[in-house]
Every structure is written in structure tokens, then in C-alpha cells.
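Remarks on the structure that follows.
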Number of protein chains: 2
Amino acid sequence: MNFLPLPQAQILENMARLAYFRDWHPAQLARLAPHARQFVIEKQQPLIRKGAHADALYVVVSGQLRLFIPLTSGGERVVALIGQGESFAESCLVLNEPCPFEVVACKDSHVLSIDALIFRQELQQSPSLTERMLRIVSTRLLTTLRDVETCAQRSSMQRVACFLLQHRPAPDAEVFEIKLSARKLDIAAKLGLTQETFSRMLGMLGKQGLIRVRGSLIQVRDAGQLARINANAADPGQTPLGQ
Amino acid sequence: MNFLPLPQAQILENMARLAYFRDWHPAQLARLAPHARQFVIEKQQPLIRKGAHADALYVVVSGQLRLFIPLTSGGERVVALIGQGESFAESCLVLNEPCPFEVVACKDSHVLSIDALIFRQELQQSPSLTERMLRIVSTRLLTTLRDVETCAQRSSMQRVACFLLQHRPAPDAEVFEIKLSARKLDIAAKLGLTQETFSRMLGMLGKQGLIRVRGSLIQVRDAGQLARINANAADPGQTPLGQ
DNA sequence: CGTGTCGTTGAGCGCTTTCAACCCTGGTGG
DNA sequence: CCACCAGGGTTGAAAGCGCTCAACGACACG
């Protein structure tokens, strides 16, 4: 985790370029930039440990971070994968609570940080910033609840179907493509599965012709049938008993 | 779901009495009260269906509500149990998104509702209210993440241990009591377990002397050992093979 | 005292995990 | 150009664990 000795002008420019800061008040950005830093974090290096206090608001400039809860088995339960232009740990910052998950870089990444004290100060003085944070945290809560729904599915086949259908561009789209934004290992961990099980389920769906997998590219060819897997507890991949 | 024909003065008084509205601006309460209603909802009756838009901010005056995701198996995955003086679905209200869970009364309950439009209006005009909502939603997100952590535990024994330790009053408290705030059925569903498994795990812990169960009262007698169950993947409840 | 709800206990099955080996792909260097 | 290597992904076999179904027990309520 090396800080980049960037001049403030550069930092401010980087911030202005990020979609995340779009339509923040320019004056606000100018106030925050002097307390912002940018740094590089190498693949597999930790950024925040579980239980630590978040001392800044972090925004990913490039790369990808993995938020996860470490399991006793040595495994991980991925809570979120944070990509370019996203922030995280906002709720911890707001409440000044310890971080409930670990944060590690999936790949070499650039991250921008805004000092917590300064940010809270700005928060108190800026209703529009507060409103923005309310929106962000609300969105994250709904996303998390959707993930909970996916993981709540009893069978692993249903979880995978649920996951695939989350990427449906429209409620009636029957065919569409998904570009996996992370290693299958991490996605499996986000679904509460092992990578082996995830792989098997994708294989099964492939054999049925419902999807087509080529590396990290998945083509869904029959979303309706996929949705039916989710609805029926029955697994149509196995012997069609009576159906 | 019967609306109570309460005079506005009564509604306002009820609101003022609720801890939830403590230190809201009196003027604010006065503005909202005319658009608030109070109603009774009977045990097992639905309040909001999954996918519906929340048309109001709801606050529980008495009783208990169950927020859950329906599973294809007919079961439920409880997301939260909302008791007196708590609100819910704030994030849906803020983003005007459909509700990701069902809401049903656990017991006969009194609920207060504030019209969504009016509430959003007030939200825009009142930075302090926005800040309050930000705190509430942030808290709910952290709570949800803690629940995710519990459910992420591989073995059911670990989940139960995790659940019990969530009620530890202090990090070093070795003995303490827990009063279950809901039916064991619902708590099990919140842990992602069946009530049978939940019962079995409590039974095992009881036989080991780590806890003592009397109805909905659980006395934890050795929190340290309980924490160790969580840390070690090994289940000390079974035959001590080799240990 | 009967009734209904909730909780407990028991037995068997199916699924996911675990552990293992193997494959595939991209990158590197001779 | 090919051999080699490392990381990620796939596939196979075996075993453990939680779910399901079913019956019983406990308790509150009318």
C-alpha cells in the first residue's frame, strides 16, 4: 500500500474525472481534495482488517476490491466486489463503527481515500452530501438483501439460477450475455458455494442448453426456463421424473 | 388491517410518546401527523407483499412484524424481526424501489404509517431528518451484515453459537441471559436453519452445560467455550474421537 | 378438559463439501 | 517456436451434515 506523491491539483483532477464525484459541488470537491490521498494496493494485499475502524472514505479508481467475512474453515464469504468508481464502508464511517468485513485487493488497484474526520465535517455542513450518502447506503442495503435472497435458496442450482437472473437486462429478456466481473472462485464465495459446486452447476446448465459458458463469458439462452428452476424446487437437470 | 379512526391529536400524542420520534423537531411532527394513520394488523396478516412499493414509512407501535424472503420450498428466510419503536423499509422509501421482502405480523400489532409522498417532501426540506435516516439505514445495513456473517458459518452449531454470542452484553462477559424476542421457529429461519436443527443444537449445547434453556429464556454459562466452538471448525458436542 | 400451536425427538435420505487429480490457458524464457 | 510453469478452473469419488417427514410432548387458552 504505497501512497502516490501526487500534487493536489492532480488529485482534484482525478476526483473530478471519476463518475462517483459527478455533480458533487465543485466547492465541496475543492474542500475535500486537500485531505484526499491516492495509493496503490497490490493484489492480495489487505486494505482494512475486520474489526478495524475505517479512517477514511475509500473510492476505487481502478482495479477491484473484495469485501468478505473470513470463515473459521479458512474460506471466505464474499459480501461485495467493489469495482472502479465505487465506494465502500460508508455506513461504518457514518456511525463510526468497526468494519464488519475484511477488504483485500483482487488485483493491483488504485484507491482514493478521504480522511474520515474531514468527511464527517463536510457531511454535517452539506445536506446534499448527506442525501447522497443516504442514497448510496440505501442502495447498498438493497443490494445486500438481494444477495441474501440468492444465498437463501436451498439448492445450489437455485442459487446459481438466481445469480444468473440478477443480470437479466429486462424482465422479459430471454437471451442475454453476462461478463463475469471477477474470478469464479470469488463469485462462488459470494453465492455461499465452493468453486467446485459453482462449476458443476454451470456445467449442468450448459449440458441442458440453458446457458453457454466460454471462460468468463456466459450466454443465457433460455431465461424463462432458468426462472422456472428457481420457482420449482425440482431440479430439471436430473431425471425428469413424471414431468 | 383496520384503520383506527383516531383524532389527529391522538395520533400526534402517540407519535410523541414513541421513542422513535424522540428529539424530532416538534414542528416536524406536527407537519407529519396529519398525514399519519394508525391501524391494527392481525397475527399472520400481510402488510406488504414482496415486490410492492412501500407507500409509507411504517413504525411499529406495539406487537412484532416479520420481514422475510419466501422460499420456493414454502419456507421463509427471515431478514429481520421488527419490534416496538422500530421502523422498516426506509431504504425502499428513499429510493422508491419495490420491497425486496414480505412483511407479516407475528402477533396482533399496532402500526403507524406516514404517507410516502409527504415523508419524502419533509426529507428534502429537513437536513436533520435526512441525517437521521442515514443513521437508521446505516445501522440496518450493519445489522444485516452481522446476520450474513452468522448465516455464512458452515455448520449449524457455529451459527447457533454465533447467534448466542451476538447477545453478549460485554466482550468479556462469561455468563449472561438471553430472552428470545420471537418464536424459535422465526429465529431459526433468521439463522437459515429449520426449527428442528435449531432445537437440536440448543439441546446439544445444553447437554454440554454451556447453556441452560428454559422456554424462551437462555442462560449462557460459558461464553468463552461458545466462542471457541466458533473458532474451531471441530464440533465438541459429538463423541470426543481422539481429543 | 379438549384443542391448537409450538417445540422436541427420531430415522433416513440427498445434497454439498472435501480432498484429490487433472486440464487448460496465458505468460516467460530458452 | 516450443517447453515449462503457475494460477485458475474442471471433474471424480467418498463422506458428513442438515433437511424432510413423522410422531410425540409441552404448554397456553378457551
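A note on names: the letters A, B, ... follow the listed sequences, proteins ahead of strands, and every chain is numbered from 1.
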Sequence-aligned protein contact record of nucleotides 25-30 of chain D, with B where the base is within under 4.0 Å of a protein heavy atom and S where only the sugar-phosphate is: ------
What one-letter contact string describes nucleotides 18-23 of chain C from 5' to 3', where B marks a base within less than 4.0 Å of any protein heavy atom, S marks contact via sugar-phosphate atoms alone, and - marks no contact? BBB---
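In this entry the distance linking CG of L191(B) with C1' of dC17(D) reads 17 Å, nearest Å. Protein atom CG of L202(A) is 14 Å distant from nucleotide atom P of dT16(C), rounded to whole Å. Atom C1' of nucleotide dC19(D) and atom CG of L71(B) are separated by 13 Å, given to the nearest angstrom. For L217(A) and dT25(C), the CG to P distance is 15 Å, given to the nearest whole Å. Atom-to-atom, CE of M204(A) to C1' of dT10(D) comes out at 13 Å; the value is rounded to the nearest Å. Summarising the geometry, the separation between CG on L205(B) and C1' on dT8(C) is reported as 15 Å, rounded to the nearest angstrom. Across the protein-nucleic acid pair, F198(A) atom CZ and dG8(D) atom C1' stand 13 Å apart, rounded to whole Å. The CZ-P distance, from R77(A) to dT16(C), rounds to 16 Å in whole Å.
Side-chain contact check for Y58(A) versus V103(A): every heavy-atom pair is 4.5 Å or farther apart.
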For residues 184-191 of chain A, please give each side-chain donor-acceptor pair under 3.5 Å, one per line with the distance, not counting sequence neighbours.
{"unit_1": "K184(A)", "atom_1": "NZ", "unit_2": "G215(A)", "atom_2": "O", "d": "3.2"}
{"unit_1": "D186(A)", "atom_1": "OD1", "unit_2": "R183(A)", "atom_2": "NH2", "d": "3.3"}
{"unit_1": "D186(A)", "atom_1": "OD2", "unit_2": "R183(A)", "atom_2": "NE", "d": "3.2"}
{"unit_1": "D186(A)", "atom_1": "OD2", "unit_2": "R183(A)", "atom_2": "NH2", "d": "3.4"}

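Interatomic distance, L141(A) CG to C92(B) SG, rounded to the nearest 0.5 Å: 8.0 Å. From L193(B), atom CG reaches atom CZ of R77(B) across 9.5 Å, with rounding to the nearest 0.5 Å. Distance OG/S138(A) to CZ/R140(B): 11.0 Å, rounded to 0.5 Å. Annotation: the span from L65(A) atom CG to C106(A) atom SG amounts to 7.0 Å, rounded to 0.5 Å.
Under a 4.0 Å N-O distance rule, the pair R221(A)/E177(A) does not qualify as a salt bridge. Of the charged side-chain nitrogens involved, none lies within less than 4.0 Å of a carboxylate oxygen, so that R200(A) and E196(A) do not count as a salt-bridged pair. Note on E149(A) versus R159(A): no salt bridge recorded, every NZ/NE/NH1/NH2 to OD/OE distance being 4.0 Å or above.
Backbone-only engagement by G192(A) is indicated by non-hydrogen atom pairs under 4.0 Å involving sugar-phosphate atoms exclusively.
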Evaluate L47(A) against F88(A) for side chain to side chain contact (heavy atoms under 4.5 Å, CB included), listing each step before the verdict. CA-CA 12 Å; L47(A) 174 56; F88(A) 64 91; 3.7 Å; yes
When you look at L164(A) and L210(A), which way does the side chain to side chain contact (heavy atoms under 4.5 Å, CB included) test go after all the steps? CA-CA 11 Å; L164(A) 293 174; L210(A) 298 190; over 6 Å; no
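Looking at residues two or more places apart in sequence or on another chain, you find no side-chain contact (heavy atoms from CB on, under 4.5 Å) involving K207(A).
Axis angle between the ends of the helix from dC1(C)-dG30(D) to dG30(C)-dC1(D), five pairs each and rounded to 10 degrees, works out to 30°.
A donor-acceptor contact shorter than 3.5 Å links the side chain of T143(A) to the backbone of T139(A). Listed for the E174(B) side chain is a donor-acceptor partner under 3.5 Å among the backbone atoms of G224(B).
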Distances for protein N/O vs nucleotides 4-7 of chain C N/O pairs under 3.5 angstrom?
{"unit_1": "dC6(C)", "atom_1": "OP1", "unit_2": "R183(B)", "atom_2": "NH1", "d": "2.7"}
{"unit_1": "dC6(C)", "atom_1": "OP2", "unit_2": "R183(B)", "atom_2": "NH1", "d": "3.4"}
{"unit_1": "dG7(C)", "atom_1": "OP1", "unit_2": "K184(B)", "atom_2": "N", "d": "2.9"}
{"unit_1": "dG7(C)", "atom_1": "OP2", "unit_2": "L185(B)", "atom_2": "N", "d": "3.3"}

